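Taking it in order: structure first as structure tokens, then the write-up.
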Amino acid sequence: MVRIATWNVNSVKARLPHLLRWLAEAKPDVALLQELKCIDEAFPRLEIEDLGYNVAVRGQKAYNGVAVLSKHPIDVECTHLPGDGDDEQARYIEVFTAGVRVAGLYAPNGNPVKADDGSLSDKFAYKLDWLERLHHHVGGLLKTEDAFVLGGDFNVIPEDGDVYDPAAFKADALFRPESRAQLRKIMYLGLTDAFRATTAEVGCYSWWGYRAGAWAKDHGVRIDFLLLSPQAADRLTACDIDRTPRGWEKASDHTPVWCELADAGDPS
DNA sequence: ATGGTAGACCCTCTA
């Protein structure tokens, strides 16, 4: 069995006590982290290695940044989403570890959708383009027929049941039809949303903003996913959202999502 | 309620 989790920590330096506590308590075999908000050299590697994890980081100054932690050795496949060599933003890391190909990603937010002149903003265009690059890359990965897990902060709300108030998010880049269509396009390649494969319950969220008491009112959205290739989906035994860290003092605005895969060859 | 909060960092940007 391998337990794989994803968590947007919103600054690994600010969240280090939470991260160490969560790793010790939840004990994921593989953890995908997003929004490190630090350069590689500033990543708290030693503290995490002390808990028995290997570390692969693609950091950046001030913004973005992704990492993979694993109890098993890590072979880094790439630290850049293919398709635009000029894209400097640290939003993608892909590795082999624990016998599985695992990619951690932090998709662009895309807000504001409109520029001052009413046309689509550069940020929203970048988001859609980035998701198109992801679509192309996933298409290639599926041809390998590997078991793989694509996890992270996708910054897209899939369905009405994944947001506390669909009307309030109507114009938001996370819920715009263009964004949702891009996510569907990726899903329709043949990926399984691990959370949706294990529950039909709606109103289950992974992000609650800091403003206006959103957490206390459960005003959240579900934008953090673990997407499975067919070979990984065959091995899925459990998946859930762990709301606990969101309730801690000085929490990230996201909370972890985890899944468990049976070992290859084990009957499920 | 066209605000609100949090984090990075040089004061405004991103989310």
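Both backbone and side-chain heavy atoms feed into the values below; hydrogens, waters and symmetry mates do not. Here the structure is a predicted model, which means the values were calculated and not measured. First the proteins, then the strands, lettered A, B, ... as listed; each starts at 1.
Salt-bridge annotation for A/K61 and A/D40: absent, with no side-chain N of the basic residue lying under 4.0 Å from a carboxylate O of the acidic one. Under a 4.0 Å N-O distance rule, the pair A/R3/A/D29 does not qualify as a salt bridge. Taking a cutoff of 4.0 Å between a charged side-chain nitrogen and a carboxylate oxygen, A/D253 and A/R246 do not qualify as a salt bridge.
Proximity of A/I223 to A/H254: side-chain heavy atoms (C-beta onward) are separated by under 4.5 Å at one or more points. No side-chain heavy atom of A/R91 sits under 4.5 Å from any side-chain heavy atom of A/L81. Contact of the A/F154 side chain with the A/I186 side chain is not registered, since no non-hydrogen atoms from C-beta on lie closer than 4.5 Å. Residues A/N10 and A/K37 are in side-chain contact: their nearest non-hydrogen atoms beyond the backbone lie under 4.5 Å apart.
Using cut-offs of 30° and 60° on the angle between ring planes, the pair A/H219 and A/Y164 is parallel.
A distance of 5.0 Å separates CG in A/N109 from CG in A/N155, rounded to the nearest 0.5 Å.
Contacts with DNA chain B (heavy atom under 4.0 Å) in residues 210-225 of chain A: A/Y210, A/R211, listed by number. Contacts of residues 173-181 of chain A with DNA chain B (heavy atom under 4.0 Å): none. Within residues 104-119 of chain A, the residues having any heavy atom closer than 4.0 Å to DNA chain B are, in order of number, A/Y106, A/N109. Only at 4.0 angstrom or more do the heavy atoms of residues 155-172 of chain A sit from any atom of DNA chain B, so none qualifies.
A/N10 places its CG atom 11 Å from the P atom of B/dA15, with the value rounded to the nearest Å. Going from atom CG of A/D253 over to atom C1' of B/dT14 covers 11 Å, rounded to whole Å. In this structure, A/E249 places its CD atom 15 Å from C1' of B/dT5, rounding to the nearest Å. Across the protein-nucleic acid pair, A/Y126 atom OH and B/dT14 atom P stand 12 Å apart, rounded to whole Å. Spacing between atom CH2 of A/W208 and atom C1' of B/dA6 amounts to 17 Å, rounded to whole angstrom units. Between A/K61 atom NZ and B/dT14 atom P there is a gap of 14 Å when expressed in whole angstrom units. Put simply, OH on A/Y63 is 18 Å from P on B/dA6, counting in whole angstrom units. Rounded to whole angstrom, the span from the NE2 atom of A/H18 across to the P atom of B/dA6 amounts to 13 Å.
For A/E77, the CD atom is densely surrounded, since the number of other residues' heavy atoms within 6.0 Å is greater than 12. More than 12 heavy atoms of other shown residues, nucleotides or ligands fall within 6.0 angstrom of atom CD in A/E25.
Phosphate proximity of B/dA6 to A/K37: absent, as no side-chain N or O sits under 4.0 Å from OP1 or OP2. Regarding contacts with the backbone of B/dA15, a side-chain N or O of A/R91 is found under 4.0 angstrom from either OP1 or OP2. Contact between the side-chain N/O atoms of A/K13 and the OP1/OP2 oxygens of B/dG7 is not found at any separation under 4.0 Å.
Nearest-nucleotide positions on DNA chain B place A/A251 closer to the 5' end than the other of A/A251 and A/D153.
One C1' atom belongs to B/dG3, the other to B/dA15, and the distance between them is 16 Å to the nearest Å. Atom name P, nucleotides B/dT12 and B/dT2: the rounded distance is 24 Å, in whole Å.
Stacking of A/R180 on the aromatic ring of A/F175 is recorded, both the 6.0 Å distance cut-off and the 45° axial limit being met.
For the pair A/Y205 and A/D218, the tightest heavy-atom approach, listed with the atom from each and the gap, is CE1-O, 3.4 Å.
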Below 3.5 Å, can you tabulate the donor-acceptor pairs from side chains in residues 115-124 of chain A to any protein atom, sequence neighbours excluded?
| from | atom 1 | to | atom 2 | distance (Å) |
| --- | --- | --- | --- | --- |
| A/D117 | OD1 | A/S119 | N | 2.9 |
| A/D117 | OD1 | A/S119 | OG | 2.6 |
| A/S121 | OG | A/P112 | O | 2.5 |
| A/S121 | OG | A/V113 | O | 3.2 |
| A/S121 | OG | A/K123 | N | 3.4 |
| A/S121 | OG | A/F124 | N | 3.0 |

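Listed by first and then second residue, the salt bridge (charged side-chain N to carboxylate O under 4.0 Å, His left out) pairs that reach into residues 189-209 of chain A are A/D162-A/R196, A/D193-A/R222, sequence neighbours excluded.
Of all nucleotides listed (B/dC10, B/dA15, B/dG7), B/dA15 comes nearest to the side chain of A/K123.
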